[in-house]
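What follows is a single structure, written as C-alpha cells, with notes after it.
These numbers come from a predicted model, not from an experiment. Below, chains carry the letters A, B, ... as their sequence lines are ordered, and counting in each starts from 1. Heavy atoms only: backbone and side chains are in, while hydrogens, waters and symmetry mates are out.
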Protein chains: 2
Amino acid sequence: MNKTIADIAKISGVSKSTVSRYLNGGSVSEATKRKIELSIKETGYTPNPFAQSLKAKKTYFIGTIVPRLDSYAASHSLIGIDEQLKELNFQLLISNTNQQIEREIETIYSLASQKVAGIILLATQITQVHLEAFEKVNIPILLVGQEHPDVHSLIHNDLEAGYAIGKYVLEKGHRKIAYLGVTEKDVAVGVRRKKGFKRAIAEAEGCEVRYFETGFNMFAAQQRVTEMLEGFQPTCIVCATDNIALGALRAAQLKGLSIPKDVSITGFGGYDVTEIIHPGLTTVKLFFKEAGKMAAQNIVKLVNEESVPKRTLSKYEIIERESVDTIIPNDL
Amino acid sequence: MNKTIADIAKISGVSKSTVSRYLNGGSVSEATKRKIELSIKETGYTPNPFAQSLKAKKTYFIGTIVPRLDSYAASHSLIGIDEQLKELNFQLLISNTNQQIEREIETIYSLASQKVAGIILLATQITQVHLEAFEKVNIPILLVGQEHPDVHSLIHNDLEAGYAIGKYVLEKGHRKIAYLGVTEKDVAVGVRRKKGFKRAIAEAEGCEVRYFETGFNMFAAQQRVTEMLEGFQPTCIVCATDNIALGALRAAQLKGLSIPKDVSITGFGGYDVTEIIHPGLTTVKLFFKEAGKMAAQNIVKLVNEESVPKRTLSKYEIIERESVDTIIPNDL
DNA sequence: ACAAAAAATGGAACCGGTTCCACTAAATGA
DNA sequence: TCATTTAGTGGAACCGGTTCCATTTTTTGT
C-alpha cells in the first residue's frame with residue numbers, strides 16, 4: 001500500500017541513497033531529479049516520519065502541557081503556540097492534565113519518552129518535584145505564566161498590570177475596595193497581581209482595602225462575593241481573573257445591586273465574554289495568543305541551542321468598559 | 001545518554017530479543033526477568049517509540065481536527081476525546097484549522113503522512129474534496145457534529161433537539177417568534193436544528209415565525225438582532241447557538257428591552273457562561289464531553305477493525321433558566 | 001534414567017529511512 | 001592532452017526496536 005523509499009528508488013532506476021539525497025537537497029543530476037520527482041508524484045510517496053526520527057534521533061514535536069483546555073487563557077495560548085510552531089515546522093502535541101498537578105509530572109516524563117524536542121508548560125505552580133523532573137528529562141523546558149530562577153520562562157507582566165489596575169480604580173475615586181484574589185501557591189496570579197495592586201494602594205491615602213481569597217471557578221467566586229457583601233460594602237471589587245469578576249458580577253446583580261452605580265467591578269484577562277455581557281467588564285487584557293507565539297519561538301530557539309533570555313515578559317492593556325463608575329469625593 | 005535495548009541487554013547479560021520479550025510479555029524465566037527489571041530501573045530505560053512504530057507499522061496517535069480551539073464545543077469535545085483515548089492507550093494529536101476549510105484538507109493529508117492510526121474530524125461541512133481526501137488516505141475517519149452517508153459519524157441529535165426547543169417555547173405561549181440560524185452549509189446547525197424547530201411550529205396554530213441568518217460570532221449576531229428588532233418585535237428569539245443568543249441578549253438589552261419581560265431568548269449548546277450571566281439563559285444543553293468520549297471509543301474500534309454503527313447519536317437536554325417568560329394568551 | 005515435549009534464549013533479518021565511503025564520470029586547469 | 005577536482009551515484013552500515021527460527025536448557029512423563 002504505502003510506498004517506501006526503496007520503491008521509489010526501484011521505479012526511478014536509482015539507489016535509495018540517491019532518492020534520499022534528492023529529498024534532502026544533496027547533489028543529484030537534473031535528469032535523475034526529474035525521474036525521481038515523477039515517481040514520487042505517481043505514487044504519492046511521503047517519507048515515514050518514524051524512520052526519519054529514528055535515524056535523526058530528534059523529532060519536531062513540541063509538547064505543551066496545559067492544566068485545562070476549556071479556559072480562555074489556555075486555548076488562546078495554544079492557538080498562538082500552534083500557529084507559530086507550524087511556521088517553524090514543528091508539530092504541537094497538547095497534553096491536558098485536568099488541573100491535577102501529579103499528572104503534570106507524569107506528563108513531563110511521558111512526553112520525554114515520546115522524545116519531544118521541547119516542552120512548554122502552562123504552569124500554575126512550580127514545586128520541587130517539577131524541578132526534579134525538568135532535571136531528569138534533560139529536554140528544553142519553557143514555563144509560561146509562572147517563573148522560576150532555574151528555568152526559562154515567559155510571564156505576563158502581572159506585577160505591573162496589578163499596579164496599573166490599582167492606579168486605575170484609585171484615579172476613578174475609589175477608596176473602599178475589595179480585592180478578590182486566589183491562593184498564593186499561584187505565584188503569578190495569587191502573589192504578583194496582588195503585590196502590584198498593593199503597591200498602587202500604598203501610594204494613595206485614606207484607603208480601606210480588604211483582601212479576600214477564592215478559587216478560579218466563577219461559581220465559587222459568586223458564592224464568596226455573596227458572603228462578603230454581607231459584611232463589607234466596597235465601592236469597587238477588583239478581581240484577580242475575569243472568571244472571578246463574572247462571579248462577582250452575578251453575585252452583586254442577584255443582590256439587587258446595580259453595576260457600576262452601586263458597585264464597580266474589574267477583571268483580569270480580557271476574555272471575549274467580558275465584552276458581550278451587560279454591563280461590559282472593565283478588565284486588564286493579557287495577550288495570550290501573542291504570548292503563545294513568543295513561547296513557541298523561545299522553545300524552538302532553546303531546542304536549537306540558541307540563547308534565550310531566562311525571562312520574557314508579555315504585555316497587558318487596560319480595557320475600559322462600563323463596569324467601573326467614577327466616584328465623586330464627598331468633600332466636593 | 002539515552003539507553004537502548006542493546007544496552008539493557010548487555011547490562012543484564014542477555015540478548016536483545018530476550019529483553020524485547022520481557023518487555024512484551026513473551027516467555028522469560030523468573031531469574032532473567034529480575035535481572036532485566038533491575039537494569040531497566042537502574043538506567044531509567046524507556047523504549048524508543050519511533051523504533052517501535054517503525055517496525056510495527058502502526059502508531060497509537062489519533063489525530064483530531066478542530067475548526068477552532070477557543071470554543072466551548074471544541075474544547076469540551078477534546079477533553080472527552082483526550083480522556084477516553086488515554087484510557088485506551090492512544091495519544092491525541094490536535095490540529096487546529098482556524099476555521100479555514102482548505103486547511104482541513106491539508107491537515108487530513110498531513111496527519112496521514114504522520115501515520116496516525118485514525119482521524120476524528122470535528123466537522124462543519126463535508127465537501128466533495130473532503131470525501132476525496134478520506135478516500136485517498138485510507139485511514140479510519142470519524143465525523144463529529146456532521147454526518148455523511150459514506151463516513152462514520154457521531155452527531156448531536158440536532159433534529160430532535162430543535163423540535164424540543166420549538167415545543168418548549170410554544171408551550172410557554174409564544175406565537176410570535178424569531179429564529180436566528182446559520183448558513184445551511186452547516187447541515188447540523190444550519191439545517192437540522194432549524195428543521196426540528198420548524199416541525200414543532202408546524203404542529204401549532206396561529207404562529208408568526210420569521211427566520212434570520214447570521215454567523216457564529218456573537219458580535220455579528222448582536223448586529224443582526226439589532227437590525228432585526230427595527231422591523232420585527234417577536235416575543236421570543238430562538239437562537240441556533242449560545243453565542244448567537246449571547247449576542248441577541250446584548251442587542252436586546254442595549255435596546256432597553258428587559259429579558260424575559262419584553263422578549264424571551266433561548267440558546268443552543270449549554271456553555272458555562274449561559275449560567276453565570278444575568279438573566280441565566282434557557283438553552284438546549286449538548287453533552288460535548290460525553291460525545292467526545294464516544295467519538296474516541298468509536299475511532300479506536302474502527303482502528304481495531306471492530307464494527308461501529310455508521311451513525312451514533314449524542315443526547316441533549318433543555319436547561320430552564322430565566323430568559324424565557326410565560327405568555328398569557330390575550331383571550332384569557 | 002531417558003526420550004519427548006515445553007520453555008528459554010541468542011542470532012539474524014527486517015522496518016524505512018540517512019549517511020559515510022568508495023568509485024565512476026564529467027568538468028576544470030595547466 | 002593528461003592530471004586533478006568535482007559532481008553524481010551505489011553499496012553498506014546504522015538508528016532501536018520486533019520477530020522468526022534454530023538451538024540449548026529445563027521440565028514432564030513413563
Take atom [atom1] of [X] and atom [atom2] of [N], then tell me their distance rounded to the nearest Å.
X     : N      : atom1 : atom2 : value
A/L23 : C/dG16 : CG    : C1'   : 12 Å
A/N48 : C/dG16 : CG    : P     : 7 Å
B/K3  : D/dC15 : NZ    : P     : 14 Å
A/R21 : D/dG10 : CZ    : P     : 8 Å
A/K33 : D/dT9  : NZ    : C1'   : 14 Å
A/K58 : C/dT18 : NZ    : P     : 14 Å
A/I5  : D/dA13 : CD1   : P     : 18 Å
A/K55 : D/dC15 : NZ    : P     : 6 Å

(request) Record whether the side chain of A/K16 comes under 3.5 Å of the base of C/dG17 through a donor-acceptor pair of N or O atoms. (result) yes
(message) I'd like to know if B/S20 reaches the base of D/dG17 with its side chain, counting only an N/O donor and acceptor under 3.5 Å.
(response)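 It does not, because no donor-acceptor pair links the side chain of B/S20 to the base of D/dG17 below 3.5 Å.
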(message) If you assign B/T32 and A/A6 each to the DNA chain C nucleotide with the nearest heavy atom, which residue ends up on the more 5' nucleotide?
(response)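 Counting from the 5' end, the first nearest nucleotide belongs to B/T32.
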(request) Nearest-nucleotide wise, let me know which of B/S15 and A/Q52 is further upstream toward the 5' end of DNA chain C. (result)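 Looking at the nearest nucleotide for each, B/S15 comes out on the 5' side.
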From [options], pick the nucleotide closest to the side chain of [X]?
X     : options                : value
B/S17 : C/dT9, D/dT18, D/dT19  : D/dT19
A/P47 : C/dG17, D/dT9, D/dC15  : C/dG17
B/S27 : D/dC15, C/dA7, C/dG10  : C/dA7
B/T4  : C/dG17, C/dG11, D/dG17 : D/dG17

(request) State plainly whether the residues A/E42 and A/K3 are in salt-bridge range, i.e. N to O under 4.0 Å. (result) no
(request) For the pair A/E30 and A/K33, find out whether any cationic side-chain nitrogen is under 4.0 Å from an anionic carboxylate oxygen. (result)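 Salt bridge flag = yes for A/K33 with A/E30.
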(message) Below the 4.0 Å mark, does C/dG10 have OP1 or OP2 next to a side-chain nitrogen or oxygen of B/Y22?
(response)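 Result: no.
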(message) Below the 4.0 Å mark, does D/dT9 have OP1 or OP2 next to a side-chain nitrogen or oxygen of A/S29?
(response)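 Result: yes.
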(request) Decide if the gap between the ring center of A/F61 and the ring center of B/F61 is smaller than 6.0 angstrom. (result) yes
(request) Run the ring-centre check on A/F288 versus A/H156 and record whether the distance is less than 6.0 Å. (result) yes
(request) For A/N96 and A/R103, work out which heavy atoms get closest and say how close. (result)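 Scanning both residues, the minimum pair turns out to be O-NH2, 3.0 Å.
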